[in-house]
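Order of the sequence lines sets the chain letters (A, B, ...), proteins ahead of strands, with each chain counted from 1. We use all heavy atoms of the structure for the numbers below, so side chains are in, but hydrogens, waters and symmetry mates are not.
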Amino acid sequence: AQRVTQPEKLLSVFKGAPVELKCNYSYSGSPELFWYVQYSRQRLQLLLRHISRESIKGFTADLNKGETSFHLKKPFAQEEDSAMYYCALGDAGGTSYGKLTFGQGTILTVHP
Amino acid sequence: ETGVTQTPRHLVMGMTNKKSLKCEQHLGHNAMYWYKQSAKKPLELMFVYSLEERVENNSVPSRFSPECPNSSHLFLHLHTLQPEDSALYLCASSQDQGAYGYTFGSGTRLTVV
């Protein structure tokens with residue numbers, strides 16, 4: 001069974017501080033990990049995916065298979081980063097038709 | 001509108017009503033999904049359609065009935081719902097087994113009274 005855990009429901013930081021949103025997963029297959037973000041009054045949108053190893057809006061995330069984690073990090077948070085963030089797990093083997101298991105989400109608030 | 005469009009945005013229905021939710025995408029994606037988002041719960045997968053064929057039914061009650069007439073349209077037919085079915089219903093689409101992630105619609109906020 002697939003499972004995604006985001007241990008923090010709420011996370012508050014000050015502008016310019018580093019931020020890390022935690023995500024742990026449980027999956028016996030080949031994992032594919034994503035971070036999605038939902039800004040206020042906007043739809044849920046893809047932020048980044050582990051396979052592309054990219055940095056989007058200053059955020060990065062590294063898949064650590066040993067620790068089964070995919071934490072989202074940004075060295076200097078901005079007020080516009082305030083949003084709900086979801087970690088999602090899929091199957092990299094292409095056998096699950098792209099279905100994703102989502103974590104419960106973390107609300108990030110960046111104070112001025 | 002580009003991307004994934006869901007209608008209606010809001011829906012209030014009685015437990016004896018029949019209604020349908022509509023999702024439309026013109027991104028050329030070959031898979032479409034229905035997810036349910038309830039308060040204090042993670043997004044729950046309901047149905048997956050790949051190339052217009054239902055490939056996943058995630059133990060969803062029969063009062064929810066999906067339909068995918070073509071690769072651009074997805075419906076969720078609702079009948080005799082319960083108040084606990086009140087939630088945000090999200091449609092998403094993807095290409096290539098979701099390797100590039102989903103494009104989500106804005107959702108339909110459903111209230112069952």
Side-chain angles (χ1 to χ4, degrees), chain A residues 1-10 23-26 29-54 56 59 61 70 72 83-107, chain B residues 1-7 9 23 25 27 29-60 66 68 71 74 87-109:
Chain A
Q2 296 175 295
R3 187 169 180 171
V4 177
T5 303
Q6 293 180 248
E8 304 136 330
K9 278 194 85 169
L10 302 168
C23 172
N24 289 90
Y25 68 91
S26 172
S30 182
E32 189 162 19
L33 276 297
F34 303 84
W35 277 99
Y36 284 81
V37 61
Q38 187 166 29
Y39 301 103
S40 179
R41 296 193 182 88
Q42 294 187 29
R43 63 184 67 189
L44 198 55
Q45 58 186 286
L46 177 67
L47 179 62
L48 56 79
R49 50 197 177 109
H50 93 267
I51 200 167
S52 60
R53 303 185 68 81
E54 56 203 345
I56 302 293
F59 284 98
F70 188 58
L72 183 67
M84 172 75 101
Y85 290 81
Y86 292 95
C87 182
L89 167 68
D91 178 81
T95 60
S96 63
Y97 302 98
K99 67 176 181 178
L100 295 177
T101 299
F102 286 81
Q104 287 210 289
T106 297
I107 299 173
Chain B
E1 186 182 333
T2 58
V4 178
T5 304
Q6 287 187 246
T7 54
R9 293 292 298 271
C23 177
Q25 61 94 3
L27 299 168
H29 289 173
N30 56 16
M32 297 184 78
Y33 313 82
W34 280 116
Y35 277 83
K36 177 183 178 183
Q37 188 174 30
S38 307
K40 301 180 182 177
K41 280 187 173 183
L43 277 79
E44 299 171 72
L45 178 67
M46 300 178 72
F47 300 103
V48 180
Y49 275 83
S50 177
L51 298 172
E52 302 154 44
E53 181 182 341
R54 191 195 310 180
V55 295
E56 181 90 14
N57 176 350
N58 205 28
S59 303
V60 179
C68 187
S71 60
L74 184 66
L88 181 68
Y89 289 84
L90 290 170
C91 174
S93 69
S94 76
Q95 185 64 19
D96 294 336
Q97 306 285 352
Y100 298 97
Y102 289 175
T103 300
F104 278 95
S106 297
T108 294
R109 173 71 62 186

Which heavy atom of [X] sits nearest to which heavy atom of [Y], and what is that distance?
X: B:Lys41; Y: A:Gln104; value: CA-NE2, 3.6 Å
X: A:Gly103; Y: B:Pro42; value: O-CB, 3.6 Å
X: A:Leu44; Y: B:Phe104; value: O-CB, 3.4 Å

query: Under a 4.5 Å heavy-atom cut-off, does chain A meet the side chain of B:Gln95, its backbone, both or neither?
result: neither
field: Heavy atoms from other residues, nucleotides or ligands near CZ of A:Arg3 exceed 12 (cutoff 6.0 Å)
entry: no
query: Does CD in A:Gln42 sit with more than 12 non-hydrogen atoms of other residues, nucleotides or ligands closer than 6.0 Å?
result: yes
- prompt: With distance as the sole test, does A:Arg43 use its side chain to make a donor-acceptor pair with the main-chain N or O of B:Val4 at under 3.5 Å?
  reply: yes
- prompt: Between the side chain of B:Tyr102 and the main-chain N/O of A:Gly98, is any donor-acceptor distance below 3.5 Å?
  reply: yes
- request: Hey, can you tell me if A:Phe102 and B:Tyr35 have their rings parallel, tilted or perpendicular (30° and 60° cut-offs)?
  value: perpendicular
message: Please report the interatomic distance NZ(A:Lys99) to OG(B:Ser50), rounded to the nearest 0.5 Å.
response: 12.5 Å
- line: Max heavy-atom pairs within cutoff under 4.5 Å with chain B, candidates A:Leu100, A:Val4, A:Leu46, A:Thr101, goes to A:Leu100
